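Working notes for the structure below.
A quick note: this is a predicted structure, and the numbers were derived from the prediction, not measured. Along the sequence shown, residues carry numbers from 1.
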Amino acid sequence: MTDIVQASPIAADSEDRQVKLVKMASFGAGEKSTVAISIATALAILLLWWVVSALGVVPHLFLPRPDEVLTQIGAVYRDGYAGASLSEHIFASLFRIVVAALIAISAGIPLGLLMGLNRWAKGVLDAPIEFYWPLPPLSYLPLMIIWLGIGETSKITLLVLAMFAPICLSAQAGVRSLPIERVNAARSLGASRLQLFLDIVLPSALPEILTGIRIALGVGWGTLVAAELIASTRGIGFMIMSASQFLATDVVFVGIGIIAICAFTFSAAIRFLEAFLVPWKGKL
């Protein structure tokens with residue numbers, strides 16, 4: 001009886017104690033959305049641009065006002081530019097970069113995974129990739145013209161070479177960053193080679209692969225202007241270079257804005273894929 005009486009206060013104390021969840025302090029940028037900050041920054045840049053151009057700090061020939069650029073967008077949309085409509089210029093550029101991206105992805109991901117899994121593949125492929133990867137695309141642009149002519153093949157090949165290396169190296173890095181404990185755990189549970197690749201290696205390398213694709217698309221859009229220098233009559237890059245020769249700065253800004261919108265759309269699509277395919281990224 002004495003033991004029961006003495007134990008009851010302890011039980012009552014334990015019932016009074018409630019488990020309190022403590023939220024861990026965030027690190028870095030945190031999880032809160034930065035959309036409002038980005039919109040405010042964009043508006044501030046536009047306001048600064050308008051003030052600088054309106055006050056004449058920079059000559060009007062070199063820096064038109066934002067409203068003049070918007071007016072020029074309507075004019076190019078209605079009348080076209082350099083013998084082609086705006087939609088034809090946009091379609092030509094999108095066709096080149098989409099085809100090049102599909103080729104670079106279909107070749108870069110398997111070869112990168114193979115380089116990460118096999119030392120012979122890494123030894124054979126690493127040297128040529130590391131040799132040409134630091135070279136700016138304009139340096140081997142003349143070779144593309146000599147070898148492949150001035151048609152679409154040379155333009156797409158130039159874009160493929162520009163986008164292939166970051167995708168391939170990112171896939172390789174994704175495999176190399178795989179913790180060996182996961183592999184050993186899967187082996188101890190009897191996983192086959194195919195199961196090990198599909199369930200462990202590929203999901204672990206996927207975040208790096210998607211990051212490499214985002215980088216490659218950025219490089220591809222940067223190379224597009226150079227690619228469309230090869231005897232082009234269509235494309236946003238061609239439109240920019242043609243307008244620059246006539247000091248049509250407002251048309252240059254129109255082309256730059258279109259490329260920025262297209263590049264942002266591609267990047268947003270990759271971010272959506274990241275959220276869908278690798279929701280654990282940054283949380284482990």
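- Residues Leu158 and Ile146 are members of one and the same hydrophobic cluster, defined by side-chain heavy-atom contacts under 4.5 angstrom among Ile, Leu, Val, Met, Phe, Trp and Tyr.
- Panel note: side chain Ser267, backbone Ala263; no donor-acceptor pair is recorded below 3.5 Å.
- Annotation: side chain of Lys122 is in contact with side chain of Arg176 (closest heavy-atom distance under 4.5 Å).
- Of the possible donor and acceptor atoms, none in the side chain of Ser242 sits under 3.5 Å from a partner among the backbone N and O of Met239.
- Taking the side chain to side chain donor-acceptor pair (under 3.5 Å) definition, one finds that Asn118 meets it with nothing, sequence neighbours left out.
- Hydrophobic clustering places Met241 together with Trp221 (ILVMFWY residues linked when any side-chain heavy atoms are closer than 4.5 Å, directly or through intermediates).
- Looking at residues two or more places apart in sequence or on another chain, you find a side chain to side chain donor-acceptor pair (under 3.5 Å) between Ser204 and Arg182.
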For this session: May I have the step-by-step check of side-chain contact (heavy atoms from CB on, under 4.5 Å) for Arg271 and Arg214, ending in yes or no?
Result: CA-CA 9 Å; Arg271 288 178 182 271; Arg214 283 182 58 197; 2.8 Å; yes
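- Hydrophobic cluster membership for Phe264: none, as no Ile, Leu, Val, Met, Phe, Trp or Tyr side chain comes under 4.5 Å of it.
- In this structure, Leu113 and Leu202 have side chains that are in contact, with non-hydrogen atoms separated by less than 4.5 Å.
- No side-chain heavy atom of Pro137 sits under 4.5 Å from any side-chain heavy atom of Leu161.
- Partners of Tyr81 by ring pair (Phe, Tyr, Trp, His ring centres under 6.0 Å), not counting sequence neighbours: none found.
- Here Ala100 pairs with Ile156, Leu159, Val160, Met163 under the side-chain contact (heavy atoms from CB on, under 4.5 Å) rule; sequence neighbours left out.
- With a 4.5 Å cut-off on side-chain heavy atoms, Leu114 and Gln172 do not count as touching.
- Listed by first and then second residue, the salt bridge (charged side-chain N to carboxylate O under 4.0 Å, His left out) pairs that reach into residues 143-152 are Arg96-Glu152, sequence neighbours excluded.
- Under the side-chain contact (heavy atoms from CB on, under 4.5 Å) criterion, Ile39 pairs with Val35, Leu43, not counting sequence neighbours.
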For this session: Run the numbers on Leu70 and Phe253 for side-chain contact (heavy atoms from CB on, under 4.5 Å), then give the verdict.
Result: CA-CA 10 Å; Leu70 291 176; Phe253 272 93; over 6 Å; no
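- Here the side chain of Lys155 pairs no donor or acceptor atom with the backbone of Leu224 at under 3.5 angstrom.
- Pairs of residues two or more places apart, or lying in two chains, never qualify as side-chain hydrogen bond (donor to acceptor under 3.5 Å, both in side chains) while including a residue from residues 48-59.
- Listed for the Glu208 side chain is no donor-acceptor partner under 3.5 Å among the backbone atoms of Ala205.
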Problem set entry | Stepwise ring-ring contact (aromatic ring centres under 6.0 Å, His included) check, Trp133 with Phe164 | CA-CA 9 Å; Trp133 162 234; Phe164 170 79; over 10 Å; no
For this session: Any chance you could lay out the side-chain contact (heavy atoms from CB on, under 4.5 Å) test for Ile73 and Ile258, step after step, and finish with the verdict?
Result: CA-CA 10 Å; Ile73 292 176; Ile258 293 173; over 6 Å; no
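- Every residue meeting the side chain to side chain donor-acceptor pair (under 3.5 Å) condition with Arg65, not counting sequence neighbours, appears here in chain and number order: Asp67, Glu68.
- Ser93 pairs by the side chain to side chain donor-acceptor pair (under 3.5 Å) definition with Glu228, not counting sequence neighbours.
- Annotation: Tyr132, atom OH; neighbour count of heavy atoms from other residues, nucleotides and ligands within 6.0 Å is above 12.
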For this session: List the steps, then state whether side-chain contact (heavy atoms from CB on, under 4.5 Å) holds for Ile259 with Ile240.
Result: CA-CA 10 Å; Ile259 289 180; Ile240 291 174; 3.8 Å; yes
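- Using a 4.5 Å cut-off on side-chain heavy atoms (C-beta onward), Leu61 and Leu247 make contact.
- Between the Ser170 side chain and the Pro166 main chain, a donor and an acceptor come within less than 3.5 Å of each other.
- Considering all non-hydrogen atoms of both residues, Cys262 and Leu94 come closest at SG-CD2, 4.3 Å.
- Screening residues 240-268 for salt bridge (charged side-chain N to carboxylate O under 4.0 Å, His left out) gives no qualifying pairs among residues at least two apart or on separate chains.
- Among residues two or more places apart in sequence or in another chain, the side-chain contact (heavy atoms from CB on, under 4.5 Å) test is passed with Ile37 by Thr41.
- Counting only heavy atoms from C-beta outward, the side chains of Tyr140 and Trp147 never approach each other to under 4.5 Å.
- Taken together through direct or relayed side-chain contacts under 4.5 Å among Ile, Leu, Val, Met, Phe, Trp and Tyr, Phe62 and Val254 form part of one hydrophobic cluster.
- By the criterion of side-chain heavy atoms lying less than 4.5 angstrom apart, applied directly or through intervening Ile, Leu, Val, Met, Phe, Trp or Tyr residues, Ile129 is grouped together with Met144 in one hydrophobic cluster.
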